[in-house]
Amino acid sequence: MKWTKMLIQTLRETPADAEIDSHKLLVRAGLVRKVAGGLYSYMPLGMRSLKKIQQIVREEMDRAGAQEIVMPILQPAELWKTTGRWDAMGPNMFKLRDRSEREAALGPTAEEEVTDFIKGIVSSYRQLPVTVYQIQWKFRDETRPRFGLMRSKEFLMKDAYSFDVDADAADKSYWNMYHAYERIYERCGLKAVPVQADGGDMGDSLTHEFHVLADAGEDGIAWCPKCGYAANLEAAEKRFEPCAAEPCTEPLAEAPTPAKTIEDMVKFFGVGPEKMAKTLVYLADGKPVMFCVRGDRELNEVKAKRLVCAKTFALADFSTVREVTGAPIGYAGPVKPKIDVPIYADLELEGASGMLTGANLDGEIDYKNVDFARDCKIAKYADITIAQAGDKCAHCDGTLEIKRGIEVGQVFKLGTKYSKAFNAVYKNDALEEKVMIMGCYGVGVSRTLQAIIEQSHDKDGIVWPASVAPFQVVIDLLDPQEAEVAQVASDLEAALEAAGIDTLVDDREERPGVKFKDADLIGFPVRVVVGAKGLKSGGVEIKRRDEDKTKTRIVAPEAALDAIRQALGQSKS
RNA sequence: CGGAGCGUAGCGCAGUCUGGUAGCGCGUUUGCUUCGGGAGCAAAAGGCCGCGGGUUCAAAUCCCGCCGCUCCGACCA
C-alpha cells in the first residue's frame, strides 16, 4: 500500500483534550478522530489495528471451541425487564422508543439477549455444553467518558457466554476461557495479569479481571510480589495481626474536640490516626447501619455492602446521621448511638482499646479511652476496609503493594441468575428439567487497542507489537521522483506482500526527517529506508522500532526480504 | 449530579479585563531553493469568533439564556 493513496493524517501538536500518553498518540498518529465526548471514528490506520486484535480474539475463541454469532445492538426492553436490570442499570444504559412507543436499549452487554437466544435453541443435555461469542459494539451512557477509547460511550467488545449442565462443567468452561484470554493478550503483545475481583451483585461468584498494569489505569490492584497474589482493591484480602492492646484501665471519658476530620484530630490530640476510629453511617436497603474503621483506613463499600447483604447501599445523608447518632456531623462513634442500629467494625478494631472516637453526644465531643470490648456493642467484626500498601498478604508472609491497572477483560461465573430468570432449562437423561449454568467472558477490544499503546510507547511515538501494528513494515522511500529508486521500493513491497507481510510505502514528496518522524510516531515495527544515496553505497537500511536509532543494518535489496523477516521475528511478538 | 475552566481557520493558541479593520504558529495550495531526523524564501486560500436574545452609533469583547467540551469529585453489571 502506498502512503499517498491512504487517508493518513498525523498531527505534530498534541490534542488539547488528551490527558494520557496513549490517548495523545491515538490521535496524533492518526488512528482515531474524536466525534464528540466519548465517541470516536476510526481512521484507516486505527481500523487496521482494531481488525487485527479482533482477528486474534476470534481465532482464540474459535480455538477454545466457542462459536461466533451476532445479536442486535438494539435490545427490546422486555429482555431487561425480565431480570429487573431495566431499572437496575439505571441511567448507565441508553434507552429509547421506536415510533410505536416500544421501549428498547442500546446494549451495554448481552446476558439477557443471549440467554433468551440459547433458551429458544437448546432443550437437551446433548446440546451442551455450548459457548457462543460475538464481537459487537456496546453502549454505555458513561457519567464521565475520558481517556479516549479507555472509557467511551461506544466501544467494541467481545462477549462470550457459556452454558453448562452443572457446576463442574461450568468450571471447565470458565478455565477454558481463562486460558484463552491468556493466549489472546500474549498474542497482542500485552502483559495482562489476571486478578481476583469482586463478584458484584452475583455474590461470591468466582471472577478474574485481566489488567494491564499502567500508571494511567483506573483500577487499584493489590499485588503480593512474593506469592503473586493479585486482586482488585475492592476484593483484596489482607492478613490481620491480632490486636496487641491491653484492656483499657482508664475509664471512658468525654473529650471536647474542635476537630471533625481525622487529619484535624491528629493535629489537635497529637496522636496517630491508628489510635482513632471513624464511624460512618450508611443506608442499607433504606435502613441505617454503622461501620467503624481505624482512622488510617478507608471503608471498602463493596465489602461492607456484601456484609449486610444489601441491594441498595449508600452513605446516609446528614439529617439521617444526626438522627441516628444524636451528634453533629463528624462526631459519630461506636459507643451507644442515639438509635440502636447494627454496628459493624473492622477486624483491626477487635480488642482495640485506648481509642479516640466520636461520642454520639449533642456537641463537639469525642470519647477517649474507648475499649471496643468494654464500651461498644459490635454486631460483627469483619474485613471491611480497603487494602493499603504495606498490608500483609493473606496468602503468604509477603507485603502487599498497590498498583494501577487497565481492565482489558473479565471472566465471570454467572451461575443461574439469568437462566433462572428466563427459565433456560434443558432435559437431562432422566427427562428432568434442569437450569443451565452460565458464565460470561468479555474482552474490551477497543480498550485493548489503547492499552497496548499505553504499555508500549516511547517519547517518539507508538512501539507496536508486530501482531497488531497497522502495517508490519514501512518502507521510507526517500527519493520517490527517481524511477529506479522507486522501483526498488515497489519491488520490495511486492515481495513482502507476497510473503504475507503487510507493508506501507511512504512515497510522499517529503523530506527524510518528516518521514522518519512519522514512522516513529505511528510506530511500525520495522522500518526500511530506500534512498538513492543508500543504494549507491550498498543497499537498503533496516531498523526495528523497538531498538536504538543507531542500530541499523544495510543490506542489498535482494537480501532485504530475509533480513526484514528476521527483524520482525526479533521484534516484540 | 456537585465544583472549576474553556468554546476564535483543519490542529494548537493570542485577542475579551479596558467595545472600534479578525490575528499568530503548525497544517493546506502554488513557485523557487533545499533534501538522511518535523527546511528556507515568496505568494495565496481558508472564519456565522459555539448558538439565541439583549445593551450600544458600533459586540469575539458587556449582560441574560442555552448548547458543547475538558479537568477534579461523586458514579462505574
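Bear in mind that the values here come from a model prediction, so they are computed numbers and not experimental data. Chain letters run A, B, ... following the sequence lines, proteins first, then strands; residues in each count from 1.
- Here the P atom of nucleotide B/rA77 and the CG atom of A/D87 are 17 Å apart, to the nearest Å.
- Spacing between B/rC51 and B/rG7 at atom C1', rounded to whole Å, works out to 11 Å.
- Rounded to whole Å, atom C1' of B/rA77 lies 13 Å from atom CE of A/M438.
- Nucleotide B/rC75 holds its C1' atom 12 Å from the CG atom of A/D141, rounded to whole Å.
- At a threshold of 4.0 angstrom between heavy atoms, the contacts of A/E19 are confined to the sugar-phosphate backbone, with no base atom among them.
- In this structure a side-chain-to-backbone donor-acceptor pair under 3.5 Å is present from A/Q388 to A/D296.
- Separation of the C1' atoms belonging to B/rA60 and B/rA14 is 12 Å when rounded to the nearest angstrom.
- Rounded to whole Å, the separation between the C1' atoms of B/rG10 and B/rG53 comes to 31 Å.
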Practice item. At under 4.0 Å between heavy atoms, which parts of nucleotides 33-39 of chain B does protein reach? Answer with one letter per nucleotide, 5' to 3': B base, S sugar-phosphate only, - none. Key: -BSBBBB
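- In this structure, A/E484 places its CD atom where only 12 or fewer heavy-atom neighbours from other residues, nucleotides or ligands lie under 6.0 Å away.
- Nearest-nucleotide mapping onto RNA chain B: of A/Q9 and A/G37, the residue sitting toward the 5' end is A/Q9.
- Nucleotides B/rG19 and B/rC13 place their C1' atoms 23 Å apart, quoted to the nearest Å.
- With C1' as the reference atom, B/rG15 and B/rG54 are 24 Å apart, rounded to whole Å.
- Under the salt bridge (Lys or Arg N to Asp or Glu O under 4.0 Å) criterion, the residue pairs touching residues 209-220 of chain A are A/R146-A/E218, A/R151-A/E218, with sequence neighbours excluded.
- Judged by distance alone, with hydrogens and angles left aside, A/E13 brings a side-chain donor or acceptor within reach of the base of B/rG25, the pair sitting under 3.5 Å.
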Point to revise | CA sep, side-chain torsions, deciding dist, call: A/T83, A/Y418, side chain to side chain donor-acceptor pair (under 3.5 Å) | key: CA-CA 7 Å; A/T83 53; A/Y418 297 94; over 6 Å; no
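- One interatomic measurement links the two molecules: CH2 of A/W86 to P of B/rA77, which rounds to 19 Å at whole-angstrom precision.
- Nucleotides B/rU34 and B/rC17 have their C1' atoms positioned 46 Å apart, rounded to a whole Å.
- A donor-acceptor contact shorter than 3.5 Å is absent between the side chain of A/D479 and the backbone of A/G531.
- The partner of B/rA42 is B/rU30, by the rule that a Watson-Crick or G-U pair needs both atom distances under 3.5 Å.
- Between the side chains of A/D159 and A/Q134, at least one donor N or O sits under 3.5 Å from an acceptor N or O.
- In this structure, the NZ atom of A/K81 is 19 Å from the C1' atom of B/rA77, given to the nearest Å.
- When the shell of 6.0 Å around NZ of A/K287 is examined, it contains 12 or fewer heavy atoms from other residues, nucleotides or ligands.
- Annotation: B/rU56 and B/rG47 have their C1' atoms spaced 24 Å apart (nearest Å).
- Distance A/K153 NZ to B/rG68 P: 9 Å, rounded to the nearest Å.
- Summarising the base pairing, B/rC24 is matched to B/rG12 through a Watson-Crick or G-U wobble pair whose two defining distances lie under 3.5 Å.
- The interatomic distance linking A/K24 (NZ) with B/rC11 (C1') rounds to 15 Å, in whole Å.
- Nucleotide B/rG65: paired with B/rC51 (Watson-Crick or G-U wobble, both distances less than 3.5 Å).
- Between the base of B/rC76 and the side chain of A/R151 there is a donor-acceptor pair shorter than 3.5 Å.
- Between A/Y344 and A/F291, the two ring planes are parallel [angle under 30°; tilted spans 30° to 60°].
- Using N1 to N3 plus N6-O4 or O6-N4 for Watson-Crick, or N1-O2 and O6-N3 for G-U wobble, each under 3.5 Å, B/rA74 pairs with nothing.
- Nucleotide B/rG37 forms a pair with no other nucleotide shown, judged by Watson-Crick or G-U wobble geometry with both contacts under 3.5 Å.
- Between B/rU70 and B/rC57, the distance separating the two C1' atoms is 39 Å to the nearest Å.
- Nearest-nucleotide assignment on RNA chain B puts the 5′-proximal partner with A/K34, out of A/K34 and A/R146.
- The salt bridge (Lys or Arg N to Asp or Glu O under 4.0 Å) contacts involving residues 521-531 of chain A comprise A/R527-A/E541, where partners must be two or more places apart or lie in separate chains.
- Distance CZ (A/R33) to C1' (B/rG12): 13 Å, rounded to an integer number of Å.
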